[in-house]
Amino acid sequence: MASFIHLNDGNQLPWIAFGTGTALYGRDATESVLRAIDNGFIHIDTAESYGNEASVGRAIKLSGKPRSELYITTKLGKLQQPGETVRSALLASLKKLNLDYVDSYLVHNPARHPGRLQQIWKEMEEVKREGLAKSIGVSNFYVEHLEEVLSVATIIPAVNQIELHPYVWKSAKPTIAFDKEHGIVTSSFSGLSPIVRFPGGPVDAAIKQIRARLEKTRGAPVSDAQVLIKWLKQNGILVVTTSSKAERIREYLDTINVPDLTEEEMKLIEAKGAELHRKAF
């Protein structure tokens with residue numbers, strides 16, 4: 001059962017993406033991405049700096065899925081050689097991915113383009129106009145970076161991908177609010193950090209309590225991960241997550257079938273998350 005998020009440019013994208021950073025950074029991602037597609041993921045998220053675009057491209061080809069049925073995101077890394085442009089960087093990524101276009105192209109990190117963000121964004125707009133990227137956006141951008149880009153933008157970023165989970169929610173609220181105000185979809189990476197990287201924190205008990213209620217309502221098992229993914233989804237966040245296990249991949253996708261959290265449960269996770277500030281990256 002697919003669910004889509006509408007973007008400010010008229011396009012739409014699947015609410016959950018299979019990420020190829022972190023665990024697959026600098027590694028051959030062929031098997032992992034193929035497993036993800038075979039088990040139902042249609043949105044694949046990669047980046048030039050992950051060093052695995054070619055293997056992601058291999059997996060896309062091996063999957064046999066028509067291009068129109070997949071949604072591919074990649075990201076602009078640091079422009080290396082003199083004369084390198086956003087367009088030449090994207091063309092290099094497309095060659096590795098063996099694609100004619102990407103669905104989303106994001107500026108990966110503002111820190112990689114000091115003093116050049118406005119110029120970079122103008123070039124991003126050009127690759128969208130040319131059809132090399134259907135949508136353009138940013139990643140790891142906070143309010144000051146977004147303001148810098150918006151001061152020259154004729155095309156507003158469609159997506160802003162940031163680290164987002166209960167332990168950074170409070171500090172990220174100004175960015176989430178700014179994104180919302182400008183129709184930018186906030187996307188999360190490291191969304192499962194409270195249970196994967198920082199277990200034993202104040203959110204744990206809330207997750208267990210909510211999970212028990214959801215299982216009773218559903219009459220079927222619900223995982224801790226599904227509680228967190230559902231919380232992000234109900235907050236309007238695009239979820240980027242990953243796993244090497246087929247059953248875990250199916251579980252993440254099955255979150256769509258988990259009953260909604262109540263308003264009280266949503267607030268409980270936020271309140272417990274605010275008790276601890278921990279960043280994974």
Side-chain angles (χ1 to χ4, degrees), residues 1-7 11-75 93-106 133-135 139 159 161 185 187-193 195-196 218 220-233 237-259:
M1 180 178 171
S3 175
F4 292 88
I5 295 173
H6 293 276
L7 299 175
N11 293 319
Q12 58 177 20
L13 80 180
W15 72 277
I16 189 167
F18 183 81
T20 61
T22 323
L24 293 168
Y25 188 92
R27 294 175 54 195
D28 188 313
T30 313
E31 279 187 35
S32 294
V33 174
L34 195 53
R35 189 180 301 116
I37 295 172
D38 285 347
N39 283 281
F41 267 94
I42 54 175
H43 184 176
I44 307 298
D45 180 285
T46 184
E48 184 277 325
S49 66
Y50 297 166
N52 57 25
E53 286 175 316
S55 58
V56 169
R58 258 197 309 280
I60 291 167
K61 191 175 180 184
L62 288 168
S63 76
K65 277 260 185 198
R67 175 67 184 94
S68 59
E69 288 180 21
L70 292 172
Y71 191 100
I72 310 300
T73 294
T74 195
K75 308 180 195 80
S93 285
L94 289 171
K95 190 175 181 183
K96 287 181 216 160
L97 288 161
N98 195 27
L99 299 175
D100 296 326
Y101 68 91
V102 285
D103 297 279
S104 277
Y105 194 43
L106 312 181
K134 301 287 186 193
S135 296
S139 178
V159 172
Q161 187 182 116
V185 168
S187 170
S188 73
F189 64 83
S190 301
L192 300 180
S193 289
I195 55 176
V196 177
R218 189 184 189 188
V222 173
S223 70
D224 290 350
Q226 285 177 321
V227 175
L228 276 175
I229 292 171
K230 195 78 182 182
W231 179 77
L232 286 165
K233 185 178 187 298
I237 307 300
L238 163 65
V239 179
V240 180
T241 190
T242 194
S243 178
S244 58
K245 299 182 175 73
E247 62 271 23
R248 191 80 72 208
I249 287 166
R250 290 193 292 271
E251 172 197 307
Y252 294 162
L253 292 167
D254 179 55
T255 305
I256 199 97
N257 301 310
V258 171

Pair Thr255, Lys233 - check side chain to side chain contact (heavy atoms under 4.5 Å, CB included), show working.
CA-CA 9 Å; Thr255 305; Lys233 185 178 187 298; 5.8 Å; no
Under the side chain to side chain contact (heavy atoms under 4.5 Å, CB included) rule, what do Ile60 and Asn98 come out as? Steps first, then yes or no, please.
CA-CA 9 Å; Ile60 291 167; Asn98 195 27; over 6 Å; no
Passes side chain to side chain contact (heavy atoms under 4.5 Å, CB included), Glu251 versus Glu247? Steps please.
CA-CA 6 Å; Glu251 172 197 307; Glu247 62 271 23; over 6 Å; no
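What you find for Gly19 and Val240 is that their closest heavy atoms are CA-CG1, 3.7 Å. Across every non-hydrogen atom of Asp28 and Ser55, the tightest pair is OD1-CB, 3.5 Å. Between Gly191 and Leu232 the shortest heavy-atom distance is CA-CD1, 4.0 Å. Between Thr241 and Ile16 the shortest heavy-atom distance is CG2-CD1, 4.0 Å. Annotation for Gln226 and Asp254: closest pair NE2-OD2, 3.3 Å, computed over non-hydrogen atoms. Residues Tyr252 and Ala225 approach most closely at CE2-CB, 3.9 Å, considering heavy atoms.
To the nearest 0.5 Å, the span separating CZ on Arg250 from OG on Ser243 amounts to 10.5 Å. Taking CG from Asn11 and CD1 from Ile5, the interatomic distance works out to 13.5 Å, rounded to the nearest 0.5 Å. Annotation: the span from Tyr105 atom OH to Ile72 atom CD1 amounts to 15.0 Å, rounded to 0.5 Å. Atoms CD1 and OG1, on Ile44 and Thr242 in that order, are 9.0 Å from each other to the nearest 0.5 Å. The distance from atom OG of Ser187 to atom CG of Leu13, rounded to the nearest 0.5 Å, is 8.0 Å. Here the CG-CD1 distance, from Leu192 to Ile229, works out to 5.0 Å after rounding to the nearest 0.5 Å.
Listed for the Arg248 side chain is no donor-acceptor partner under 3.5 Å among the backbone atoms of Ser244. Using a distance-only test at 3.5 Å, with no hydrogens or angles considered, no donor-acceptor pair links the side chain of Lys134 to the main chain of Val102. Of the possible polar contacts, one joining the Arg218 side chain to the Pro221 backbone as a donor-acceptor pair under 3.5 Å is found. At least one donor-acceptor pair under 3.5 Å links the side chain of Ser139 to the backbone N or O of Gln161. Panel note: side chain Arg67, backbone Tyr101; a donor-acceptor pair is recorded below 3.5 Å. Within the 3.5 Å criterion, the main-chain N or O of Thr20 finds a donor-acceptor partner in the side chain of Asn52. Judged purely by atom type and a 3.5 angstrom limit, Tyr25 uses its side chain to pair as donor or acceptor with the backbone of Ser49. Not a single donor-acceptor pair under 3.5 Å links the side chain of Glu69 to the backbone N or O of Ile42.
Remark: of the listed residues Phe18, Tyr71, Trp15, Phe18 is the sole one forming a ring-ring contact (aromatic ring centres under 6.0 Å, His included) with Phe41.
Within a 6.0 Å radius of NZ in Lys96, more than 12 heavy atoms belonging to other residues, nucleotides or ligands are found.
Val33 places none of its side-chain heavy atoms less than 4.5 Å from the side chain of Thr46.
Of the N and O atoms on the side chains of Tyr50 and Thr74, not one donor lies less than 3.5 Å from an acceptor on the other residue. Counted by atom type alone, Ser93 and Glu48 present zero donor-acceptor pairs between their side chains at under 3.5 Å.
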